[in-house]
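Every chain is numbered from 1 and lettered A, B, ... according to where its sequence line falls, protein lines coming before strand lines.
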Amino acid sequence: MSQIKVRFAPSPTGNLHVGNLRTALVNFLFARKTGGQFMLRIDDTDTERSTAAFEERIRADLQWMGMAWDVEDRQSKRLGRYDAALAQLRAKGRAYACYETPEELTLKRKAQLSAGRPPVYDRAALMLTSEQIAAFEAEGRQPHWRFRLEDDEVRWYDMVRGDVAYQMSSLSDPVLMREDGRVIYTLASVVDDIDHGISHILRGEDHVTNSAAQIQLFEALGAQAPTMGHMALLAGADGEGMSKRLGSMSIAELRNNDTEAMAIVSLLARIGTSDPVLPTADMATVIDGFDITRFGRATAKFDTAELSQVNAKIVQKLPFATVVERLEAAAVGGGEPFWNAIRDNLSYVGEAVDWWRICTQPITPIIDSAAVTNAAADLLPRGDVEASIWKEWTNAVASASGAKGRGLFMPLRLALTGCQKGPEIAPLLAFMGRERVLARLRGETA
RNA sequence: GUCCCGUUCGUCUAGGGGUCUAGGACACCGCCCUUUCACGGCGGCAACACGAGUUCGAAUCUCGUACGGGAUGCCA
């Protein structure tokens, strides 16, 4: 049994969105679950669109999400390997030079399309005479290189889709090298996977035709193709496809939105599977429960409302120690007692700020029942207000005003916090202080 | 246009000819708990895209239609 090794291979041409991130996560979880290695490979062969800034953002996002990679590499450092692989393919007659310009190819495609034929490359370059080639060269044209596909059926057992068969005759011979000598992803990816000993390729189903062609490429280079797995893509809540080219929800956006990384992990690890989404703050638990065979073939909808619910469940269980720095950074005081008083009612950690303000900054109280709030003001025990006075105090207010249940507590809640819902009030008293409590009960802004 | 893939409760899905009056999870609704909100516990509502066919019998098999996604790049 050879070593399991998977890779996440983003191109630094945009920000990670939830779809990309799910691919990364699935690879990460698969590696951790199987004791294999997780590699980060920067696919930066598209030099026109790749930027260092995007790359930094990708790394930051992965780290923030808790996906540490064991090894990394980048394609721009391995250019010589791709040239060598192309030479090898030429020697075997599997790579051939083409002289069409991009414009000519576009024209050809349009003609095929309007004639009702599939836009498959016609292999005209294979028919070129040496005179024609000489003429092109004299013109100053440099060739781009294509991989000659075998016209048979490529089959593989896909980890998520089961048996897959692909008719290669409906595919164009893929370009491997550009006219200017820069390698194309199709070749670079296969060479890297071979050299790095990648054992499993887990990616989105937008890559299935790539995989079909690449399986032949692996074989042409004398290697065995890794085990493949193509996950159904994610769609937005409205059913729209998700693509970095369409500018979908980025991770940075979610992060700014105060979403817990583990909420995203919890959802992404289970969406599209038959297992229930389990809000968990512990990556080890997610790894433990991960099973690649649970993923279905249908496109699942990623709903931010569901993410928000998962986030809330996680936040409500977060121990003070894990949020202390964030609370301090947001100028939320009160320490652990305050956090414990409010966390059960939070959906996002950032809401702690709102409650801290409500307790310590002036608010305009809402007087819903003056009878209750006046009685409460009159009956407030002497000395410091704190949680321990609550029971006795509210009992006294109840018997003085005749109010009880919701009729008793809602007026108090509205006067003291200005809100209809929120954490239990008793433990909040101490943070408000006696003067503020009294003033608010009397309807004064305090 | 062509080629792949998909379509079961609001959502994620189980299901691979009779055990399905279709199961679970989340959401929603209700009840209980709490003399308030939330949490928690219990219960309820709710789905096989459509049409043919095969079969004694179809959510399950076949074909077609519709809708959706993907691919069809000298992008990844």
Side-chain angles (χ1 to χ4, degrees), chain A residues 9-14 20 43-46 48-50 98 100-102 105-106 109 112-121 142-146 161 164-167 169-172 174-186 188-189 203-210 212 230 232-235 237 239-245 267 270-279 294 296-303 305-306 309-310 312-313 316-317 342-347 391 394-395 398 403-414 417 419-425:
Chain A
S11 64
T13 56
N20 292 332
D43 280 11
D44 55 354
T45 56
D46 183 350
E48 280 148 29
R49 297 188 301 145
S50 297
C98 301
E100 296 92 345
T101 63
L105 289 172
T106 306
R109 264 192 296 275
Q112 288 171 313
L113 243 25
S114 54
R117 281 177 292 132
V120 175
Y121 177 62
Q142 291 297 310
H144 58 276
W145 297 85
R146 286 188 191 260
R161 323 176 99 207
V164 176
Y166 223 88
Q167 244 346 301
S169 55
S170 62
L171 262 46
S172 292
V175 173
L176 301 178
M177 194 74 77
R178 295 172 171 93
E179 178 189 336
D180 63 9
R182 284 150 60 218
V183 70
I184 293 288
Y185 158 82
T186 308
S189 182
R203 67 218 305 202
E205 73 176 6
D206 52 335
H207 279 282
V208 294
T209 51
N210 281 145
H230 297 86
L233 268 20
L234 250 27
E240 290 294 301
M242 206 171 285
S243 158
K244 68 180 171 189
R245 272 151 250 175
L267 219 206
R270 289 292 176 80
I271 193 169
T273 75
S274 47
D275 294 321
V277 174
L278 237 49
R294 301 285 198 168
R297 295 114 298 205
T299 57
K301 294 191 181 82
F302 179 87
D303 189 353
E306 189 173 7
Q309 284 155 1
V310 172
K313 299 273 192 200
Q316 287 159 8
K317 295 270 190 305
I342 61 168
R343 84 176 165 176
D344 279 351
N345 282 76
L346 303 182
S347 291
K391 185 91 175 173
T394 53
N395 272 147
K404 60 176 183 176
R406 187 184 172 84
L408 168 67
F409 290 98
M410 193 50 78
L412 292 177
R413 177 176 291 285
L414 287 169
T417 69
C419 298
Q420 283 192 38
K421 40 166 69 176
E424 238 179 283
I425 300 170

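Summarising the geometry, atom CG belonging to A:Asn210 is positioned 8.5 Å from atom OG belonging to A:Ser189; distances are rounded to the nearest 0.5 Å.
Nucleotide B:C37 holds its P atom 6 Å from the CE atom of A:Met410, rounded to whole Å. Per the geometry, CD1 belonging to A:Ile342 stands 15 Å off C1' belonging to B:C39, to the nearest Å. As a whole-Å value, the separation of A:Lys313 NZ from B:C39 P is 6 Å. If you take CZ of A:Arg297 and C1' of B:C12, they are 13 Å apart, rounded to a whole angstrom. Counting to the nearest Å, the C1' atom of B:U11 and the CD atom of A:Gln309 are 10 Å from each other. For the pair A:Asp206 CG and B:A71 P, the computed distance is 6 Å after rounding to whole Å. What separates CZ of A:Phe302 from P of B:C26 is a distance of 18 Å, to the nearest Å. Following rounding to the nearest Å, A:Leu176 (CG) and B:C75 (P) show an atom-to-atom distance of 12 Å.
Nucleic acid contact class of A:Ala298 (heavy atoms, under 4.0 Å, all strands): sugar-phosphate only. When heavy atoms are screened at a 4.0 angstrom cut-off, A:His230 is found touching no nucleic acid atom at all. When heavy atoms are screened at a 4.0 angstrom cut-off, A:Pro118 is found touching base atoms of the nucleic acid. Across all strands shown, A:Thr273 has heavy atoms under 4.0 Å from sugar-phosphate atoms exclusively, and none from any base. Residue-level contact check: A:Gly296 touches neither bases nor backbone, having no heavy atom under 4.0 Å from any strand. Contact annotation for A:Arg294: no contact, since no heavy-atom pair falls under 4.0 Å across all strands. Within the nucleic acid shown, A:Thr106 has no heavy atom closer than 4.0 Å to any nucleic acid atom. Backbone-only engagement by A:Asp46 is indicated by non-hydrogen atom pairs under 4.0 Å involving sugar-phosphate atoms exclusively. If you check every strand for non-hydrogen atoms under 4.0 Å, A:Val175 touches sugar and phosphate atoms only. Residue A:Glu100 is in base contact, counting any heavy-atom pair closer than 4.0 Å across all strands shown. Residue contacts for A:Arg413: at a heavy-atom cut-off of 4.0 Å it reaches a base atom on one of the strands shown. Across all strands, A:Ile184 comes closer than 4.0 Å only to sugar-phosphate atoms, never to a base (heavy-atom distances). At the heavy-atom level, A:Glu48 lies nowhere under 4.0 Å from the strands shown. Across all strands shown, A:Leu412 has no heavy atoms under 4.0 Å from either base or sugar-phosphate atoms.
Between A:Lys391 and B:U35 there is a side-chain N or O to OP1 or OP2 distance below 4.0 Å. In this model, the phosphate group of B:C5 is not approached by any side-chain N or O of A:Arg161 to a distance below 4.0 Å at OP1 or OP2. Taking 4.0 angstrom as the limit, A:Arg178 places a side-chain polar atom (N or O) nearer than this to OP1 or OP2 of B:C75. The side chain of A:Thr45 places an N or O atom within less than 4.0 Å of a non-bridging phosphate oxygen (OP1 or OP2) of B:A76.
In terms of polar N and O atoms assigned as donor or acceptor, the side chain of A:Asn210 never comes within less than 3.5 Å of the base of B:A71 in a complementary pairing. Applying the 3.5 Å distance criterion, the base of B:U13 shares no donor-acceptor pair with the side chain of A:Asp275.
Put simply, A:His207 does not rest on the base of B:G70: the two rings are not both less than 5.5 Å apart at their centres and under 30° in tilt.
Nucleotide B:C31 forms a pair with B:G41, judged by Watson-Crick or G-U wobble geometry with both contacts under 3.5 Å. The pairing partner recorded for B:U72 is B:G1, the criterion being a Watson-Crick or G-U wobble arrangement whose two distances lie under 3.5 angstrom. If you check B:U65 for Watson-Crick or wobble pairing at under 3.5 angstrom, you find it paired to B:A49. B:G10: Watson-Crick or G-U partner is B:C26, with both key distances under 3.5 Å. Base pairing analysis places B:U21 opposite nothing; no Watson-Crick or G-U wobble pair with both distances below 3.5 Å involves it.
Distances from the side chain of A:Pro276 to the nucleotides B:G70, B:A25, B:G73 place B:A25 closest. Closest contact between the side chain of A:Ala300 and the listed nucleotides B:A25, B:A76, B:U13 involves B:U13. You'll find that the side chain of A:Leu113 is closest to B:G1, out of B:C39, B:C74, B:G1.
A salt bridge is defined here as a Lys NZ or Arg NE, NH1 or NH2 lying under 4.0 Å from an Asp or Glu carboxylate O, and A:Arg182 with A:Asp180 meets this definition.
Ranked by how close their nearest RNA chain B nucleotide is to the 5' end, A:Leu408 and A:Gln316 are led by A:Leu408.
Smallest separation of non-hydrogen atoms from A:Ser172 and A:Pro119: OG-O, 3.5 Å.
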